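Here the structure is laid out as structure tokens; the discussion comes afterwards.
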Amino acid sequence: MAEKNELVIVREFNAPRQLVFDSFTKPEHLSQWWGPKGSSISIVTADIQPGGIFHYKLTSPDNTTMYGKFVYKEIIRPGKIVFVSSFADSMGNVIPTPFPIKFPHEILNTWTLTEQSGKTTITLRGCTDQRNRRRARRLQEFILVYGAGIWRNVRSVG
Amino acid sequence: MKPKGFLSIFVQPKGYIMKRDVFQGLADPTRREILNMIAHKSLNVNSVAQNFDVSRTAIYKHLKILSECGLVVLQQQGRERFCEAKPEKLTEVSDWVDQYRKIWTQRFDSLDEYLRKIQAEKKTTKSKKHGRKK
């Protein structure tokens with residue numbers, strides 16, 4: 001079961017695990033598909049190993065640019081990748097989301113890859129830092145105690 | 001030209017700019033109690049305060065915080081001030097999860113497409129080689 005304020009996405013790919021893993025950990029692969037549709041990506045830094053970073057620039061079809069960054073915590077080929085994702089500036093400093101929404105500055109992502117009969121399943125867990133998790137737990141408790149019936153507009157927290 | 005498409009994964013909630021965030025509003029048990037009290041119907045400040053042992057000033061402070069984070073709207077009606085709950089504000093907290101799900105679903109779609117493409121290319125190369133051998 002998902003922890004509160006944690007996002008879990010499970011997705012199956014018709015490809016061997018090694019290839020799926022490489023597609024996310026080899027810059028030549030990653031630059032081919034990462035980023036919103038229609039945008040192009042150029043790599044600033046690709047040091048994909050524990051402690052290393054992947055820093056990239058995104059250019060949208062209307063020429064808006066922004067930067068994103070992954071900081072790798074753990075990479076175990078071909079089964080696990082743990083990294084912190086965020087928006088960044090051109091120097092690679094973490095910046096708040098460049099959109100007017102509430103969005104955590106940094107998200108911890110864990111990819112777990114498993115293979116069965118040539119198909120690979122990625123289980124992605126995304127969560128915010130401890131502080132946000134504690135806060136989210138409080139919110140969850142509140143909603144549980146006071147009931148969805150009262151706070152009808154409240155959707156699930158995670 | 002679809003700049004909108006590029007940014008469409010981010011949906012701007014109403015009234016984004018707040019002095020305090022919702023978490024702060026909910027951090028205190030008294031404030032949660034207040035919210036619960038006024039969830040069904042608006043009450044005036046005095047009626048809210050009567051339900052608590054703490055001073056009216058203290059309750060007023062809580063209401064101020066609640067209104068600053070957008071969970072409560074205080075409205076003057078004649079000589080009384082009414083407190084109205086705004087539960088919509090709570091959804092903002094869960095928004096990142098929704099946004100993030102959207103982003104990753106799109107990314108995984110792209111990855112899926114990419115994997116299909118490169119595997120198909122591989123097969124073509126293989127069969128070409130095979131053909132040459134024949």
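Here is the naming used below: chain letters follow the sequence lines, and residue numbers restart at 1 for every chain. Given the structure is predicted, the values throughout are model-derived calculations rather than measurements.
- With S39(A) contributing its side chain and S60(A) its backbone, the two residues share no donor-acceptor pair below 3.5 Å.
- Electrostatic pairing of D112(B) and R116(B) counts as a salt bridge here, judged by a charged N lying under 4.0 Å from a carboxylate O.
- A pairwise comparison of heavy atoms in K69(A) and A88(A) identifies CB-CB, 4.0 Å as the closest pair.
- Rounding to the nearest 0.5 Å gives a distance of 7.5 Å between OG1 of T114(A) and CD of Q116(A).
- Using a distance-only test at 3.5 Å, with no hydrogens or angles considered, a donor-acceptor pair links the side chain of Q119(B) to the main chain of N14(A).
- For chain B, the nearby part of N109(A) is the side chain; its heavy atoms alone come within less than 4.5 Å.
- At a heavy-atom cut-off of under 4.5 Å, chain B is reached by F83(A), S85(A) from residues 74-86 of chain A, listed in order of number.
- Applying ring pair (Phe, Tyr, Trp, His ring centres under 6.0 Å) to Y56(A) and the options F87(A), F70(A), Y67(A) leaves one that passes, F70(A).
- Checked for salt-bridge contact, K64(B) and E68(B) meet the test: a charged N lies under 4.0 Å from a carboxylate O.
- Other residues, nucleotides and ligands place more than 12 heavy atoms under 6.0 Å from the CD atom of E121(B).
- A distance of 12.5 Å separates CD in E113(B) from CD1 in I118(B), rounded to the nearest 0.5 Å.
- Here the closest non-hydrogen pair linking R31(B) and I65(B) is NH1-CD1, 3.5 Å.
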Run the side-chain contact (heavy atoms from CB on, under 4.5 Å) test on L71(B) and K86(B) for me, step by step, so that the C-alpha distance in whole Å, both residues' side-chain angles and the decisive distance to 0.1 Å come before the verdict.
CA-CA 5 Å; L71(B) 283 167; K86(B) 292 279 173 195; 5.7 Å; no
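- When only modelled atom types and interatomic distance are considered, D47(A) and T45(A) share no side-chain donor-acceptor pair under 3.5 Å.
- Residues from residues 45-59 of chain B never place a non-hydrogen atom less than 4.5 Å from a non-hydrogen atom of chain A.
- The side-chain tip of R107(B) points at the ring of W34(A) from less than 6.0 angstrom away and within 45° of straight on.
- By a heavy-atom distance cut of under 4.5 Å, V20(A), S23(A), F24(A), E28(A), H29(A) are the residues of residues 20-30 of chain A near chain B, going up by number.
- Under the rule for a ring pair (Phe, Tyr, Trp, His ring centres under 6.0 Å), the partners of F13(A) that lie at least two apart in sequence or sit in another chain are F108(B).
- Only the side chain of L124(A) comes within contact range of chain B, with heavy atoms under 4.5 Å apart.
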